[in-house]
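What's counted below: heavy atoms across the whole structure, side chains too, no hydrogens, waters or symmetry copies. Just follow the structure's listing: the first ligand is 1, and inside any ligand the first atom is 1.
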Amino acid sequence: MTPLAASDTKTVRGAVLRRDPAREDCFTLVHLHQDMQDYGDMTQVSRRQRLHQHMHNEMQSLEIAAQCLADFPDSSWDIRMELARQCWDETRHTQMLYRRLQELGGRKGEFPVMNYEWGVTCMLDSLVARLALQNRTFEGGEMDLLRVLVEMWRNNGDEQTADLLGGILADEIQHVRFANQWLKRLAKEEPRVLLQVARAMAHLRAITAALAPQPGDVNAAGVNLTGYTHLDVFANIEDRRRAEFTEEEIAEILRQEGFAGLVSHATTA
Ligand SMILES: [Fe+2]
Ligand SMILES: [Fe+2]
């Protein structure tokens with residue numbers, strides 16, 4: 001790809017990120033998690049905020065996949081077709097969530113938005129690194145989260161949103177799977193690919209550390225970010241298998257989550 005110019009980037013707390021994609025005037029763009037309005041509960045305003053944020057994240061996923069097509073025009077036809085199909089899926093996800101947001105009385109631009117995944121992923125200069133980060137890591141994590149969110153919306157009496165999220169999850173599995181398949185094939189042919197993946201993960205760790213909330217940081221909805229108890233989201237083993245993570249990779253995720261004792265049972269079940 002053509003090297004990025006300084007005008008293609010922005011600096012936030014010392015971390016260099018890809019400059020934000022264009023947004024309609026109705027959106028308020030922020031650059032730190034603490035400037036988001038995450039409520040952490042299921043009040044009506046929080047439901048709209050969750051749908052709004054998810055809608056915007058799907059739009060970012062579309063833009064990241066589309067930017068891969070633009071930045072790496074010489075990549076193989078197969079992987080370009082997968083990325084093009086992903087663009088179609090992410091567009092549909094955005095539209096479905098936008099429709100649901102409106103049904104619940106919300107509107108586009110009602111809450112601040114942040115292009116975190118875009119800013120981190122689109123700095124990387126190889127398709128391998130971007131797929132490792134966006135599809136395998138961010139969307140892999142989204143698979144785990146979606147499984148929890150489906151139940152959360154259902155338990156709060158909103159079957160329609162729960163079903164919508166279940167449908168999105170099915171598509172996300174395919175986005176993670178094609179990245180896993182392609183990365184594994186390439187790593188076999190060219191072991192140097194593993195170094196690009198390792199560099200991508202180091203890049204993510206550095207930026208996560210730079211942008212992490214500081215003790216006492218309160219977000220735009222008044223929630224204390226470091227004192228807040230996050231939803232328990234653990235590896236969605238079934239879907240990670242469907243997305244072709246190996247048993248060793250799933251075991252490693254479980255170990256990182258503190259379930260070392262369960263590893264042999266969980267991954268051989
Ligand atoms: Fe999606
Ligand atoms: Fe996706």
Side-chain angles (χ1 to χ4, degrees), residues 18 21 23 27 36 47 49-72 75 78-102 106 108 111 113-122 124 127-153 160-184 197 200-201 204 231 233 235-236 238-245 249 253:
R18 186 90 173 228
R23 286 287 173 270
F27 285 108
M36 294 291 283
R47 289 178 195 223
Q49 197 278 335
R50 286 170 188 276
L51 288 170
H52 190 275
Q53 187 172 341
H54 193 165
M55 169 192 80
H56 184 261
N57 278 346
E58 296 289 351
M59 199 157 78
Q60 264 189 97
S61 300
L62 156 65
E63 289 166 316
I64 293 167
Q67 194 64 46
C68 284
L69 287 170
D71 284 346
F72 308 105
S75 45
D78 290 357
I79 195 66
R80 288 174 65 75
M81 274 305 289
E82 292 286 9
L83 285 164
R85 284 194 197 101
Q86 182 180 353
C87 288
W88 183 50
D89 287 344
E90 309 297 16
T91 304
R92 214 176 51 251
H93 298 168
T94 309
Q95 288 171 332
M96 285 156 58
L97 288 158
Y98 182 37
R99 209 173 305 134
R100 189 67 190 135
L101 172 68
Q102 288 175 299
K108 197 166 56 173
F111 304 95
V113 294
M114 177 175 162
N115 291 300
Y116 176 70
E117 285 89 346
W118 162 275
V120 179
T121 305
C122 293
L124 296 165
L127 183 54
V128 162
R130 289 198 196 174
L131 289 176
L133 206 51
Q134 170 61 18
N135 293 52
R136 196 176 138 83
T137 307
F138 289 141
E139 299 201 26
E142 192 193 347
M143 276 180 354
D144 299 340
L145 178 62
L146 275 168
R147 184 63 77 193
V148 175
L149 291 180
V150 166
E151 285 317 305
M152 194 179 82
W153 283 88
Q160 211 174 322
T161 303
D163 290 347
L164 187 160
L165 297 180
I168 290 178
L169 172 58
D171 289 337
E172 299 306 340
I173 293 171
Q174 170 57 16
H175 304 161
V176 181
R177 180 165 47 208
F178 84 71
N180 267 337
Q181 288 172 339
W182 196 70
L183 288 172
K184 273 171 200 158
V197 172
M201 301 318 289
L204 173 62
L231 269 180
V233 177
N236 169 350
E238 228 173 279
D239 290 335
R240 285 204 175 247
R241 278 198 186 114
R242 288 193 187 108
E244 299 194 17
F245 281 88
E249 287 166 338
I253 294 166

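Across all non-hydrogen atoms, the minimal contact from L124 to A129 is CD1-O, 3.7 Å.
For R99, the salt bridge (charged side-chain N to carboxylate O under 4.0 Å, His left out) test picks out no residue, with sequence neighbours left out.
Checking R100 against T161 by side-chain atom types alone, a donor-acceptor pair falls below 3.5 Å. A donor and an acceptor atom, one from each side chain of Q86 and E82, are nowhere located under 3.5 Å apart.
Around the Fe ion (ligand 2), the protein N, O or S atoms closer than 2.8 Å are E90 OE2, E139 OE1, E172 OE1, H175 ND1, listed by chain and residue number.
Under 4.0 Å is where a charged nitrogen must lie from a carboxylate oxygen, and between E244 and R136 no such pair does.
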### Task
Check the pair Y116 / N57 against side-chain contact (heavy atoms from CB on, under 4.5 Å), numbers first and verdict last.
CA-CA 9 Å; Y116 176 70; N57 278 346; over 6 Å; no
